[in-house]
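Worksheet: one structure, shown below.
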Amino acid sequence: MGNQMNDKLDYIIENLAEKYPAPETELNHNSPFELLVATILSAQTTDVQVNKVTRELFEEFNSPDDFAKLNPNDLADKIKSIGLYRNKSKFIVESSRIILADFDGMVPRSFSDLLKLPGVGRKTASVVLVGAFSTPAFPVDTHVFRVSNRLGLANSDRVEEVEEQLKDLIPEELWADMHHWLIFHGREVCKARSPKCEICQLKNYCNYYQKKGE
DNA sequence: AACTCGGGGCA
DNA sequence: TGCCCAGAGTT
């Protein structure tokens with residue numbers, strides 16, 4: 001049983017070496033703050049639109065100081081194309097104010113402090129820790145959650161548990177690569193609604209695929 | 001635990 | 001043109 005898991009993990013790790021396209025969906029950023037904003041904007045939002053909107057925003061504004069001065073309604077007008085824009089505008093302005101008031105104008109570098117910012121949950125906090133501060137973390141978004149459960153790398157309906165199970169299973173030096181791979185695989189193959197099991201190299205290791213065949 | 005926020009993309 | 005997709009906060 002543990003052996004099956006090891007075989008499966010080994011197989012996936014070997015396939016990591018096989019190149020998968022660099023995620024152009026990766027949130028680009030020139031500063032921790034820009035990554036924070038981009039990640040808040042990305043919630044519940046499929047894709048590259050976020051990079052475009054973020055670039056436009058940061059041509060005009062740069063620092064928490066700039067954003068803290070904004071009227072959330074004005075910011076909302078600039079980010080309409082990504083949806084949920086009223087919430088996200090409020091989150092970004094309010095987070096900027098908290099960063100100025102409580103964190104010396106610097107994006108906090110700890111998980112617990114990041115969670116104090118509105119619009120920042122465990123997924124967003126983890127993305128910032130990894131992307132801005134090279135701090136080991138394992139962001140569990142819906143791709144990671146779904147793919148891990150289907151493949152049997154994790155088994156839980158709770159995000160926190162999936163995160164713990166993955167961290168226990170995967171050697172820390174592989175967290176980043178595994179994370180990229182899970183997201184890529186979730187987007188391109190192991191899709192939420194119509195997974196392309198026929199082309200999946202891992203179907204023979206997959207709980208979901210086997211259950212489907214029964 | 002269920003509901004809300006909102007658009008873009010694709011069948 | 002309607003259905004599907006993706007997190008965090010609130011009730």
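Reminder, nothing fancy here: chain letters follow the sequence lines and each chain counts from 1.
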Using the ring of each side chain (for Trp, its six-membered ring), is His179(A) parallel, tilted or perpendicular to Phe138(A), with breaks at 30° and 60°?
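His179(A) vs Phe138(A) ring planes: perpendicular.
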Interatomic distance, [X] [atom1] vs [N] [atom2] [rounded to whole Å]:
X	N	atom1	atom2	answer
Asn87(A)	dC3(B)	CG	C1'	13 Å
Lys88(A)	dT4(B)	NZ	P	18 Å
Leu84(A)	dC5(B)	CG	P	10 Å
Leu114(A)	dA8(C)	CG	P	12 Å
Ile92(A)	dA8(C)	CD1	P	13 Å
Ile82(A)	dG7(C)	CD1	C1'	12 Å
Phe145(A)	dA6(C)	CZ	P	12 Å

Checking side-chain polar atoms at under 3.5 Å, does Ser96(A) have a donor or acceptor matched by the opposite partner on Lys69(A)?
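No.
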So what does [X] hit on the nucleic acid, given a heavy-atom distance under 4.0 Å: a base, only sugar-phosphate, or nothing?
X	value
Lys80(A)	sugar-phosphate
Thr124(A)	sugar-phosphate
Leu117(A)	sugar-phosphate

Presence of [X] side-chain N/O under 4.0 Å of [N] phosphate oxygens OP1/OP2:
X	N	answer
Arg146(A)	dA6(C)	yes
Tyr85(A)	dC5(B)	no
Thr142(A)	dA6(C)	yes
Arg122(A)	dA8(C)	no
Gln44(A)	dT4(B)	no

State which residues pass side-chain contact (heavy atoms from CB on, under 4.5 Å) with Asn71(A); sequence neighbours excluded, sorted by chain then number.
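Residues passing side-chain contact (heavy atoms from CB on, under 4.5 Å) with Asn71(A): Asn73(A), Asp74(A).
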When you measure from the side chain of [X], which nucleotide among [options] comes out closest?
X	options	value
Arg193(A)	dC4(C), dG7(C), dG7(B)	dC4(C)
His143(A)	dC5(B), dG8(B), dA6(C)	dA6(C)
Ser81(A)	dG7(C), dC5(C), dG8(B)	dG8(B)

Quick check, are the ring centers of Phe67(A) and Phe58(A) under 6.0 angstrom apart?
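Yes: the rings meet the under 6.0 Å criterion.
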Would a distance-only check, ignoring hydrogens and angles, find a side-chain to backbone donor-acceptor pair under 3.5 Å from Ser95(A) to Ile92(A)?
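It does not hold such a pair.
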